Engineer: 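Quick one: the structure is below, and I'll ask about it shortly.
This is a predicted model, so every value here is computed, not measured. Numbered from 1 within each chain, the chains take letters A, B, ... in sequence-line order.
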There are 2 protein chains.
Amino acid sequence: MVGIRQQRQQRTREALLDAAASVFASHGYAGASVPQIAHEAGVSTGAIYANFTGKQELFLAMMRRVVEAGAAARQRSAAETTDRDELLNRMVTTWTATVDTAPDIVLLMAEFWLYALRNPPHNELVAELLADVRANLAASIVGAGVVPDADRAGRIAVAVQAVAYGYAMQRLVDEDAVSPTQLVETVDWILRGAVPAR
Amino acid sequence: MVGIRQQRQQRTREALLDAAASVFASHGYAGASVPQIAHEAGVSTGAIYANFTGKQELFLAMMRRVVEAGAAARQRSAAETTDRDELLNRMVTTWTATVDTAPDIVLLMAEFWLYALRNPPHNELVAELLADVRANLAASIVGAGVVPDADRAGRIAVAVQAVAYGYAMQRLVDEDAVSPTQLVETVDWILRGAVPAR
DNA sequence: GTCTATATCCAGATAGAC
DNA sequence: GTCTATCTGGATATAGAC
């Protein structure tokens, strides 16, 4: 049974993770301050150190939650794939929606990427995150019957993942420079180019 | 005429910009410290404030130099374009070489991108940088006769730029996950998809 | 313009009451 | 587990000698 104490602690933990996501996204890992996160979560600085060993662990715990939420969402939508056009649509719309309505997610991923490159031990976690996304894409591509062999599906997944992030980079800094339809178009080009009509 | 004093100052300025590039790449904007940059440049902390108004201006001056060096390099190589395959090769090899031999450039661009998103006034500079790269790509695409209309060339440029950065993101965090030949392949797919053989 | 020395501030993290 | 109060270190930036 879960006691009321543990419920309260669980709530401050969640509040801290939410606040951490917001503040780390706004100021980056090094630029974010522990007191500010505590303030935004409505708790004291000390409360952070009662729940996490420090700034680093708070950041990693927050990122892990973001990553897992994304993985769960992908699992759900991957099950619904049927044909090529629907796959194309699904791959693109979930990402463009994220970029436009939840840009913080993209900022956090970029921050996490930089953090991992600068702290090699955590490099692997980001590598796994990207690989997981690719594996999911590849499975959907095979599932939709776009291409028969898994090898080519994997290489298509690499390409799709690349354009997705590159699109976000361009769009977030200048939304007039690129539109969601251009991402659809590009992925369509890739699928056409990779699977030329006989 | 340039006096010896100005030469010496010019040299410390250059040394500071070099050191800034290295330290900002290693630790990010917020994570880098002014004393560390001064140390790496072999000068005192005070020398930085004699040449720049502070950390921010030093960072922006350093980034401006990086951006301009890249623009000059693009101008040079854009003049050499002839046919489609050579264009494909050129677009890809200069970038894969940068990613593999000078990853700091990529890190600095990512850092600058985040900095701009968090400091909207400077947003425009990054937007212009990306737009300049795209314009250069588009011109080369038209020049190589890949496609006649400038509009489609522009959209292809968006796609190529996106895959280039997305490729770097995947490769830097896990070099086994993606190879330079995959970037060539992807851009080839894009060109095929965008310009279907009649 | 460059140095040494320093002022000021705020970060991350801890101690101890409750 | 959470608070208040505090320790300690290092940050940005400046002052003044050379």
Engineer: In whole Å, what is the span from the CD atom of B:Gln9 to the P atom of C:dG1?
Structural biologist: 4 Å
Engineer: Write down the distance between CZ (A:Arg13) and C1' (D:dT2), rounded to a whole number of angstrom.
Structural biologist: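 Taking atom C1' of D:dT2 as the reference, CZ of A:Arg13 is at 15 Å.
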Engineer: Treating Ile, Leu, Val, Met, Phe, Trp and Tyr as nodes and any side-chain heavy-atom pair under 4.5 angstrom as an edge, say whether A:Val142 and A:Val133 lie in one connected cluster.
Structural biologist: no
Engineer: Whole Å only: how far is the CG atom of A:Leu16 from the C1' atom of D:dG1?
Structural biologist: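 Atom-to-atom, A:Leu16 to D:dG1, this comes out as 12 Å.
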Engineer: Give me, pair by pair, the N or O atoms of the protein and of nucleotides 8-14 of chain C that are less than 3.5 Å apart, along with how far apart they are.
Structural biologist:
unit_1 : atom_1 : unit_2  : atom_2 : d
C:dG12 : OP1    : A:Ala32 : O      : 3.2
C:dG12 : OP1    : A:Lys55 : NZ     : 2.9
C:dG12 : OP2    : A:Val34 : N      : 2.6
C:dA13 : OP2    : A:Tyr49 : OH     : 3.1
C:dA13 : OP2    : A:Lys55 : N      : 3.1

Engineer: For A:Pro196, is there any backbone N or O sitting under 3.5 Å from a side-chain donor or acceptor partner on B:Arg192?
Structural biologist: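 No, the answer is negative, given that no donor and acceptor are paired below the 3.5 Å cut-off.
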Engineer: Given atom CZ of B:Arg11 and atom P of C:dT2, what is their separation to the nearest angstrom?
Structural biologist: 11 Å
Engineer: Is it true that B:Val66 and B:Val106 fall in one hydrophobic cluster, defined by side-chain heavy atoms closer than 4.5 Å?
Structural biologist: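 Linked, B:Val66 and B:Val106 end up in one cluster.
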Engineer: Round to a whole Å and report the spacing from NE2 of A:His39 to P of D:dT2.
Structural biologist: 18 Å
Engineer: Just the rounded figure in Å: distance from P of D:dA11 to CZ of B:Phe24.
Structural biologist: 13 Å
Engineer: Kindly say whether the aromatic ring centers of A:Trp113 and A:Tyr165 come within a distance under 6.0 Å.
Structural biologist: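 Here the rings of A:Tyr165 and A:Trp113 have centres that are no less than 6.0 Å from each other.
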Engineer: Measure the CD-CG distance between B:Glu128 and B:Asp132 for me, rounded to the nearest 0.5 Å.
Structural biologist: 9.0 Å
Engineer: The side chain of B:Thr12 is closest to which nucleotide in this list: D:dT4, C:dT2, C:dC3?
Structural biologist: C:dT2
Engineer: Rounding to a whole Å, what distance do you find between B:Phe59:CZ and D:dA11:P?
Structural biologist: 18 Å
Engineer: Whole angstrom is fine here: how far is it from CD1 in B:Ile37 over to P in D:dA13?
Structural biologist: 11 Å
Engineer: So B:Phe59 and B:Tyr29, would you call those rings parallel, tilted or perpendicular, with 30° and 60° as cut-offs?
Structural biologist: tilted
